[in-house]
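Accompanying notes for the structure given below.
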Amino acid sequence: MTVLLYRLRNAWLPARWEMTGLRQAWLAHRLLFAIVALYALAALAISVLVGSPKHYAIGKHVAIWVPALVAVPLVLGALAVLRGRAEGSRRSWRGSWRLLGDPSPGDLVIGFALALAVGLFYASFVVLKNTLPLLVPFYADPTLAAFDAALHGGVDPWRLIEPLFRLKPLPALTEFAYGFVWATLLVYGPVLVALHPAFKPWRVRFFLTFFASWIGLGNLGALAFMSGGPVYFGHLTGDHERFGELLRFTAENGLFTGWVQDYLWENYSSGSVELATGISAFPSLHVAMATLYFLLARHFGRIAAAAAGAFLGLILAGSVILGWHYAVDGYASILFVALAWFWTGRGDARRAVSAAR
């Protein structure tokens, strides 16, 4: 039996694919796993302490994440088969590993574990985000709206960019980028960074900034300035006129955004926790993640940086014109992520010096 297993291993796995480097990969990434574990425990503990039954949603959201992650090797395998047929290769399955950049076994195991951990992190975030209004009620919208207008010459910033968005294709394009493209990157961006060797030099830096953004901005920042954003300004303050024209703009353009905004408010009002629920405006995680992708893309050439920069600009404008955020929400996110990226980069430099000694 042992001989049979040995022959099967040699038949299916090249010698270099033996399980080597696992310990080194674990040591390099153990801080990231510790952050996820502590965050999940904190989300569970806080939701229980405040009397919220929403902690059960952690398991539900992880169950949603796993199929999305399983799709990664399936897609790679399908692409490998297509490549193999085009090349006339009988071993086209090996192309899937080439598509991953031929990572070491240890990096691949830790990479998939890290991708799974991101699903647990997201699930914990949703639970905490839905718990925030139980800790601090919404109060900051009037202050943020006033500061936003003062920062833009006494005018709500959506009015400054609205003439540009009268061009019919632009609202739909912005919504597509803000919704589908951003959500796709939210799922598969971290997975790609976790798995592909091309991102290895920046992997720890990326995820430290990533976790710091979701915790520092999405939880602590949101808790400090509990707000719903322009779309919920009327519900939260009773003033439905302030952003009434903005809401009519999204309605007149037939945007799907209006349905999503109603979906979130209904879940908030009923106290249920469904996929991607929870309301908080300040700061903007949409802009934060677009900023992080831009900072990472700068290391992959001018074209990648330009594309990521254009995406960041579109997300920032979209967060305002679609009614989700005040402009200052995005500005704060850009500043925070830039500082976090700089700080974690200093940590990378210190680790490199220590490793060289």
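The basis for the numbers below is simple: all heavy atoms, side chains too, and nothing from hydrogens, waters or symmetry mates.
You'll find the side chain of Thr291 stays beyond 4.5 Å of the side chain of Trp341, heavy atoms only. No side-chain heavy atom of His240 sits under 4.5 Å from any side-chain heavy atom of Leu247. In this structure, the side chains of Ile321 and Pro171 stay at 4.5 Å or more apart for every pair of heavy atoms. Counting heavy atoms from C-beta outward, Asn219 and Phe125 have side chains that approach closer than 4.5 Å. Proximity of Leu144 to Val328: side-chain heavy atoms (C-beta onward) are separated by under 4.5 Å at one or more points. Side-chain contact check for Trp324 versus His286: every heavy-atom pair is 4.5 Å or farther apart. Using a 4.5 Å heavy-atom threshold, the side chains of Tyr331 and Val287 count as separate. With contacts defined as side-chain heavy-atom distances shorter than 4.5 Å, the pair Leu170/Leu173 qualifies.
Minimum heavy-atom separation, Ala305 to Arg298: CB-CA, 3.9 Å. Pairing each heavy atom of Asp107 with each of Ala25, the nearest pair is OD1-CB, 3.5 Å. The heavy-atom pair separating Ala177 from Ile315 by the smallest distance is O-CD1, 3.7 Å. Between Ala28 and Val204, the shortest heavy-atom distance links the atoms O-CG2, 3.5 Å. Taking both residues in full, the closest heavy atoms of Asp156 and Ala149 are given as OD1-CB, 3.7 Å, listed atom of the first, atom of the second, then distance. The two atoms that bring Ala317 and Ile161 nearest to each other are O-CD1, 3.8 Å, heavy atoms only.
With hydrogens and angles disregarded, no donor-acceptor distance shorter than 3.5 Å links the side chain of Tyr178 to the backbone of Leu322. Remark: side-chain polar atoms of His196 are not paired, donor with acceptor, to backbone N or O of Leu192 under 3.5 angstrom. Asp239 places no side-chain N or O within donor-acceptor distance of the main-chain N or O of Gly234, the cut-off being under 3.5 Å. When atom types are taken as modelled, the side chain of Asp148 and the backbone of Ala327 share a donor-acceptor pair closer than 3.5 angstrom. Side-chain atoms of Tyr293 come within 3.5 Å of backbone N or O of Leu185 as a donor-acceptor pair. Checked by atom type and distance alone, the side chain of Asp141 never pairs as donor or acceptor with a backbone atom of Phe233 at under 3.5 Å. When atom types are taken as modelled, the side chain of Thr174 and the backbone of Gly318 share no donor-acceptor pair closer than 3.5 angstrom. In terms of modelled atom types and a separation under 3.5 Å, the side chain of Arg203 and the main chain of Val193 share a donor-acceptor contact.
Note on ring orientation: taking the six-membered ring where Trp is involved, the planes of Phe206 and Phe210 are parallel (angle under 30°, cut-offs 30° and 60°).
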| Stepwise side-chain contact (heavy atoms from CB on, under 4.5 Å) check, His152 with Arg159 | CA-CA 10 Å; His152 295 85; Arg159 296 185 181 275; over 6 Å; no
| request: Check the pair Phe311 / Trp182 against ring-ring contact (aromatic ring centres under 6.0 Å, His included), numbers first and verdict last. | output: CA-CA 9 Å; Phe311 180 71; Trp182 188 88; 8.6 Å; no
| request: Walk me through it: do Leu128 and Ile215 pass the test side-chain contact (heavy atoms from CB on, under 4.5 Å)? | output: CA-CA 10 Å; Leu128 275 178; Ile215 297 171; over 6 Å; no
| said: Run the side-chain contact (heavy atoms from CB on, under 4.5 Å) test on Leu195 and Tyr188 for me, step by step, so that the C-alpha distance in whole Å, both residues' side-chain angles and the decisive distance to 0.1 Å come before the verdict. | reply: CA-CA 10 Å; Leu195 288 172; Tyr188 294 111; over 6 Å; no
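Under the 4.5 Å side-chain heavy-atom criterion for grouping Ile, Leu, Val, Met, Phe, Trp and Tyr, Leu38 is not connected to Leu217 through any hydrophobic cluster. Linking ILVMFWY residues whenever their side-chain heavy atoms come closer than 4.5 Å, directly or via other members, places Val136 and Leu285 in the same cluster. With hydrophobic clusters built from ILVMFWY side chains whose heavy atoms lie under 4.5 angstrom apart, Leu339 does not share a cluster with Phe225. Under the 4.5 Å side-chain heavy-atom criterion for ILVMFWY residues, a single connected hydrophobic cluster contains both Phe176 and Leu316. Criterion: ILVMFWY side-chain heavy atoms under 4.5 Å apart, direct or through other members. Under it, Trp26 and Leu31 are part of a common hydrophobic cluster.
Atom CZ of Arg30 has 12 or fewer neighbouring heavy atoms from other residues, nucleotides or ligands inside a 6.0 Å radius. For Ile303, the CD1 atom counts as loosely surrounded, since its 6.0 Å shell holds 12 or fewer non-hydrogen atoms of other residues, nucleotides or ligands.
Clustering of Ile, Leu, Val, Met, Phe, Trp and Tyr side chains at separations under 4.5 Å places Leu160 together with Val155.
Between Trp202 and His299, the ring centre distance stays below 6.0 Å. Aromatic ring centres of Phe199 and Phe300 lie closer together than 6.0 Å. The aromatic ring centroids of Trp158 and Phe165 lie 6.0 Å or more from each other.
Distance check: Ile334 CD1 to Leu292 CG gives 12.5 Å after rounding to the nearest 0.5 Å. In this structure, the separation between OG1 on Thr344 and CG on Leu295 is 9.0 Å, given to the nearest 0.5 Å. With rounding to the nearest 0.5 angstrom, the OG atom of Ser124 is 14.5 Å from the NZ atom of Lys129. To the nearest 0.5 Å, the span separating CD1 on Ile279 from CE on Met226 amounts to 9.0 Å.
A ring-ring contact (aromatic ring centres under 6.0 Å, His included) with Trp214 is found for exactly one of Tyr39, Phe336, Tyr122, namely Tyr122. Here the options are Pro157, Pro230, Ser284, the test is side-chain contact (heavy atoms from CB on, under 4.5 Å), and the partner is Tyr326; only Pro230 passes.
Side chains of Thr131 and Ser47: no donor on one and acceptor on the other come within 3.5 Å.
Residue pairs meeting the ring-ring contact (aromatic ring centres under 6.0 Å, His included) criterion with at least one member in residues 126-145, sequence neighbours excluded: Phe138-Tyr268.
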